[in-house]
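Step one of this worksheet: look at the structure below.
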Amino acid sequence: MSVTAWMAVAVFAAVYVLIATEWVHRVAAALGGAVLMLLIGATDAEHAFFSEDSGIDWNVIFLLLGMMLIVAVLKRTGVFEFIAIWAARRARGRPYRLMVLLVVATGFLSAWLDNVTTVLLIAPVTILVCRRLGLPAVPFLIAEVMACNIGGAATLIGDPPNIMIGSRADLSFNDFLVHMTPVVVVLMIIFVLMCRVMFRKAFHYDPERAASLMELDPKAEIKDKRLLLISGVVIVAVMVCFVLHTWLHMEPSVVAMSGGLLLLALSRLSPGDVVKDVEWETLAFFAGLFVMVGGMVQTGIIGDLGELAAEATGGNLEATSMALVFGSVIPSAIIDNIPFVASVSPIVSEIVASAGGSGEAEMLWWSFALGADLAGNATIIASSANVVVIGIAEREGHHISFWQFSKYGLIVTAVTVSVAAAYVWLRYFALA
C-alpha cells in the first residue's frame, strides 16, 4: 500500500478509537477524521462531495432529512402518545410483552419500509411508553434497532444494502421474498427469545403505573385531527412511492424530501420550529463518516481487502459463500454496511460472473446480503438505523455508549450470522 493509504488507515483507526472510547463526541470525531482524510490527500473535494462511489451519499442524507421533517410534524399531532398508550395497554403494562410487541412491530415494518424510516417512527413511541411505565428506555431502543436490522434483510426495499445488491445483481422483489424472508422469520423468533435473557434486568413491573395506564384513553392524546389526517395521507403516499420507486424512476431520497417539504407546507406550522427537531448532529455524523470511508475506497484499501478474500477461497463456491457471510461482518461493523456493500458488490459481481453466472453462483448474493445486513447489529456505526436511534435517544436524555450497544450487538451478530450461515449451507449445498 502507498504511504497515503497507510495514513488513511491510521486516521480511520484513530477516529474509531475516539468514537468507541467516547473521549471525543462522535460527531466531532467523524468530522475531524473527514478533514484529515482531505488534508492527507486520501480523497479530495470532488470525490468527497460529488462521487457516487466514494463520497457523501446524498441520497441517504436527504432520505434521512425528509423523514425527520415528516416525524417532526407528526409528533405535533399527539399520535405518538396515542400509540404509546395503546401499546402499553395491549401489553397490560408487562415489560417483556411490551418489548415483544415493539420488536415484532419494528421487524415487520422494517421489511416494508427502509430501516431509518422505521426507527424514526418507532423510537419516539418507545421513549414515551417507557416513560409512562417507569421503564429504562435504552434496552427497548437497542432491541428495536436490532430487530429493525434483522427484519430489513427480508425484502428488497427493507435495507439500503439490499436495494444496492438488487440493482447490481438484477434481483427482483420476489427473489428476496423467496431467498431471504424464510431465514429472517427464523432469526426474528430467535432474537425475541434472546431479548428475554439479554434485557431481563429491564423488565421491572410496576402494578400501580400499569393500572393507571390502563385507565387512560388513547384517543384523548390526539391534539390535532386535521394535521393527523394530512400527515396520514402524505405518509401513505410516501410509503407507496418507496415501494414503487424503481417503476417510478424516483430515488427514495427524492420521495422522502418531497413528502417532508409537502407536509411542512400543508401543516401551517412555523418552519423554524419544525426544523429544530431535525437530528442535525446525526446528519453531520453521517457526512463525516461517508468522507472517511470514501478515503478508504479512494486509496484502494477496501477493494484490496475484498479481492484478497475472494482469492483466498480459490473459486470454491461453498468456501466463497461462507467467506461472504462471515467475512462481511467485520468490515460492515466498522465502516457502516452501506458504503461497504457499495465497495464490495462489484467484486461479488465478478466472482459470480467468473462462475458462469449460474443460478447456483447467484446464491453468493444471498450470502453477501445476509452477512452485510446482519452485521449492522454489531456496533453503533454499523448501520444507518443505529446512528439515528443513538441520536434520538441522546436528544431525549438517554445516552447509549459504544460499548453498551456493542456488548449486546456482538452477541446478537454472532448468533444471527451463524444461523444465517447454517441456512445458506443447508439450502444451497447440503440439500441442493
Side-chain angles (χ1 to χ4, degrees), residues 67-110 113 115-148 195 199 202-225 227-229 231-232 235 263 267 269 273-274 276-279 281-282 385-400 404-405:
M67 295 311 301
M68 286 176 180
L69 286 173
I70 290 174
V71 172
V73 173
L74 190 61
K75 70 187 295 186
R76 286 162 170 77
T77 66
V79 70
F80 292 139
E81 289 86 348
F82 171 89
I83 296 173
I85 293 173
W86 177 87
R89 283 166 58 90
R90 292 287 296 178
R92 308 194 73 80
R94 297 286 180 178
Y96 180 60
R97 289 183 191 174
L98 177 63
M99 181 175 281
V100 171
L101 180 64
L102 292 172
V103 160
V104 172
T106 302
F108 177 79
L109 286 174
S110 65
L113 311 177
N115 286 357
V116 170
T117 300
T118 301
V119 295
L120 280 169
L121 294 172
I122 293 290
V125 174
T126 302
I127 293 171
L128 283 170
V129 72
C130 287
R131 191 173 295 154
R132 293 272 191 174
L133 290 172
L135 297 170
V138 170
F140 286 81
L141 292 171
I142 292 175
E144 285 169 3
V145 75
M146 289 182 178
C148 191
C195 286
F199 304 114
F203 302 142
H204 175 67
Y205 176 63
D206 188 332
E208 293 183 5
R209 283 180 178 267
S212 64
L213 199 61
M214 293 298 292
E215 295 175 0
L216 296 176
D217 180 10
K219 295 179 182 177
E221 299 296 328
I222 301 299
K223 302 167 186 173
D224 191 331
K225 293 182 179 180
L227 184 56
L228 178 59
L229 178 61
S231 300
I235 290 172
L263 184 55
S267 69
L269 297 171
D273 289 338
V274 174
K276 288 179 183 177
D277 289 335
V278 171
E279 303 288 334
E281 287 188 357
T282 299
N386 299 1
V387 177
V388 171
V389 165
I390 298 300
I392 293 173
E394 191 167 298
R395 191 183 187 96
E396 295 294 329
H398 303 283
H399 178 67
I400 303 176
Q404 185 179 14
F405 186 97

What distance do [X] atom [atom1] and [Y] atom [atom2] have between them, rounded to the nearest 0.5 Å?
X: His398; Y: Ile400; atom1: NE2; atom2: CD1; answer: 9.0 Å
X: Leu102; Y: Arg90; atom1: CG; atom2: CZ; answer: 12.5 Å
X: Asn386; Y: Asn115; atom1: CG; atom2: CG; answer: 9.0 Å
X: Tyr205; Y: Leu98; atom1: OH; atom2: CG; answer: 12.5 Å

Grab the two heavy atoms, one from [X] and one from [Y], that are nearest each other, plus how far apart they are.
X: Pro218; Y: Phe82; answer: O-CD1, 3.2 Å
X: Cys148; Y: Val119; answer: SG-CG1, 3.8 Å
X: Leu133; Y: Ala88; answer: CD1-CB, 4.1 Å
X: Leu101; Y: Ala87; answer: CD2-O, 3.6 Å
X: Cys195; Y: Tyr96; answer: C-CE1, 4.4 Å
X: Ala385; Y: Val116; answer: N-CG2, 4.1 Å

Next on the checklist: Are the side chains of Leu109 and Leu121 in contact, using a 4.5 Å heavy-atom criterion?
Outcome noted: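 SC-SC contact between Leu121 and Leu109 ruled out.
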Next on the checklist: Side chains of Ile127 and Arg131, heavy atoms from C-beta outward: is any pair under 4.5 Å?
Outcome noted: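 In contact.
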Show me the donor-acceptor pairs within less than 3.5 Å that the side chains of residues 138-147 make with the rest of the protein, sequence neighbours left out.
from, atom 1, to, atom 2, distance (Å)
Glu144, OE1, Thr126, OG1, 2.7
Glu144, OE2, Thr126, OG1, 2.4

Item to check | Qualifying residues under salt bridge (Lys or Arg N to Asp or Glu O under 4.0 Å), relative to Arg89, sequence neighbours excluded | outcome: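 Arg89: no salt bridge (Lys or Arg N to Asp or Glu O under 4.0 Å) contacts found.
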Checklist entry - Does atom CZ of Phe108 have more than 12 heavy-atom neighbours, drawn from other residues, nucleotides or ligands, at distances under 6.0 Å? => result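 No - once you tally the heavy atoms of other residues, nucleotides and ligands closer than 6.0 Å, there are 12 at most.
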Checklist entry - For the side-chain contact (heavy atoms from CB on, under 4.5 Å) test, which of Val274, Val73, Leu269, Leu74 pairs with Leu263? => result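 Of Val274, Val73, Leu269, Leu74, side-chain contact (heavy atoms from CB on, under 4.5 Å) with Leu263 is met by Val73 alone.
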Next on the checklist: Using side chain to side chain contact (heavy atoms under 4.5 Å, CB included), reason through Val388 and Glu279 one step at a time and then give a plain yes or no.
Outcome noted: CA-CA 8 Å; Val388 171; Glu279 303 288 334; 5.7 Å; no
Item to check | side chain to side chain donor-acceptor pair (under 3.5 Å) pairs, two or more places apart, involving residues 68-83 | outcome: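 Applying side chain to side chain donor-acceptor pair (under 3.5 Å) to every pair that reaches into residues 68-83, excluding sequence neighbours, yields Arg76-Asp277.
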